[in-house]
Amino acid sequence: MKKFIQASLVLGLSAVPAHAAELTVITAGDQNMVDYINEYLAPLFEEQNPGHTVRAIGTGPGDAGSQKVVERFEAQKQAGNQVWDTDVAVVHEKFVGPMVEGGYLDAYRDRIATGALEALP
């Protein structure tokens, strides 16, 4: 099962990125969040990682958008999916706890070069 990694308090990254060259980002927030990813962050990432593309999908603003992300992960876990359809998820802070409890996030700090810079336990 693909699990998600917690980056700061609001961003989850895939522990096992999809084998495809396309990274899927789902984001709770207004359309401006989708546009920010697709029009600014994605081109920066794609420039630094040739052959990879980023696609952002919005789940809606507010807590309802974050709840949709949690429900999406719950459904994929309950279905026994070996590979989930999301590589990066942006949710509101209060939804991270239930995502940790549900087993949707995975620690990654010790597996990245910049992990030693993290000051939180």
Side-chain angles (χ1 to χ4, degrees):
M1 173 189 326
K2 183 189 264 188
K3 289 193 177 184
F4 294 85
I5 303 170
Q6 183 179 352
S8 78
L9 294 175
V10 295
L11 178 64
L13 302 174
S14 168
V16 183
H19 295 292
E22 182 174 88
L23 298 174
T24 301
V25 178
I26 57 175
T27 179
D30 292 328
Q31 183 62 37
N32 64 343
M33 288 293 295
V34 175
D35 294 343
Y36 177 66
I37 294 166
N38 284 333
E39 296 173 12
Y40 181 71
L41 294 179
L44 290 174
F45 180 86
E46 292 165 0
E47 182 179 322
Q48 294 175 10
N49 300 277
H52 294 278
T53 59
V54 176
R55 173 180 66 120
I57 301 168
T59 58
D63 288 350
S66 292
Q67 182 62 40
K68 286 181 184 176
V69 174
V70 173
E71 291 169 1
R72 183 180 194 133
F73 293 167
E74 287 173 351
Q76 291 180 68
K77 182 178 181 179
Q78 289 175 3
N81 292 0
Q82 294 299 308
V83 177
W84 292 5
D85 65 356
T86 303
D87 298 293
V88 178
V90 182
V91 299
H92 292 93
E93 189 174 301
K94 74 180 189 178
F95 289 87
V96 174
M99 291 173 73
V100 170
E101 291 171 3
Y104 312 136
L105 303 178
D106 188 18
Y108 71 96
R109 180 176 54 189
D110 295 336
R111 296 188 303 233
I112 61 173
T114 56
L117 302 174
E118 176 63 51
L120 298 173

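Note that the numbering runs from 1 along the sequence shown for the chain.
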- Please report the shortest heavy-atom distance between D30 and P61, naming the atom on each side. OD1-CB, 3.0 Å
- Message: Once rounded to the nearest 0.5 Å, what's the spacing between atom CH2 of W84 and atom CD1 of I26?
- Response: 10.5 Å
- Message: Does any part of the side chain of E39, heavy atoms only, come nearer than 4.5 Å to the side chain of D35, both counted from C-beta?
- Response: yes
- Message: Under 3.5 Å, is there a donor on one side chain and an acceptor on the other for E74 and Q78?
- Response: no
- Task: Report yes if some heavy atom in the side chain of V70 is under 4.5 Å from a heavy atom in the side chain of V91; otherwise report no.
- Result: no
- Query: Just by distance, do the side chain of Q76 and the backbone of D85 share a donor-acceptor pair under 3.5 Å?
  - Reply: yes
- Closest heavy-atom contact between K94 and P98? O-CD, 3.4 Å
- Across all chains, not counting sequence neighbours, the side-chain contact (heavy atoms from CB on, under 4.5 Å) partners of A42 are E46, V54
- Message: Once rounded to the nearest 0.5 Å, what's the spacing between atom CD of E71 and atom OG1 of T59?
- Response: 10.0 Å
- Message: If I compare all heavy atoms of G62 with all of A28, which pair ends up nearest, and what's the gap?
- Response: O-CB, 4.5 Å
- Task: With sequence neighbours excluded, tell me which residues meet side-chain contact (heavy atoms from CB on, under 4.5 Å) with Y36.
- Result: Y40, L41
- Message: With rounding to the nearest 0.5 angstrom, report the CD1 to OG1 distance, I57 to T27.
- Response: 11.0 Å
- Within one Ile-Leu-Val-Met-Phe-Trp-Tyr cluster: V34 and V25, side-chain cutoff 4.5 Å: no
- How far apart are the closest heavy atoms of A56 and I37, and which atoms are they? CB-CG2, 3.6 Å
- Are F73 and F95 grouped together when hydrophobic residues (ILVMFWY) are joined by side-chain heavy atoms under 4.5 angstrom apart? yes
- Query: Is the backbone N or O of G102 less than 3.5 Å from a side-chain atom of K77, with the two atoms forming a donor-acceptor pair by type?
  - Reply: yes
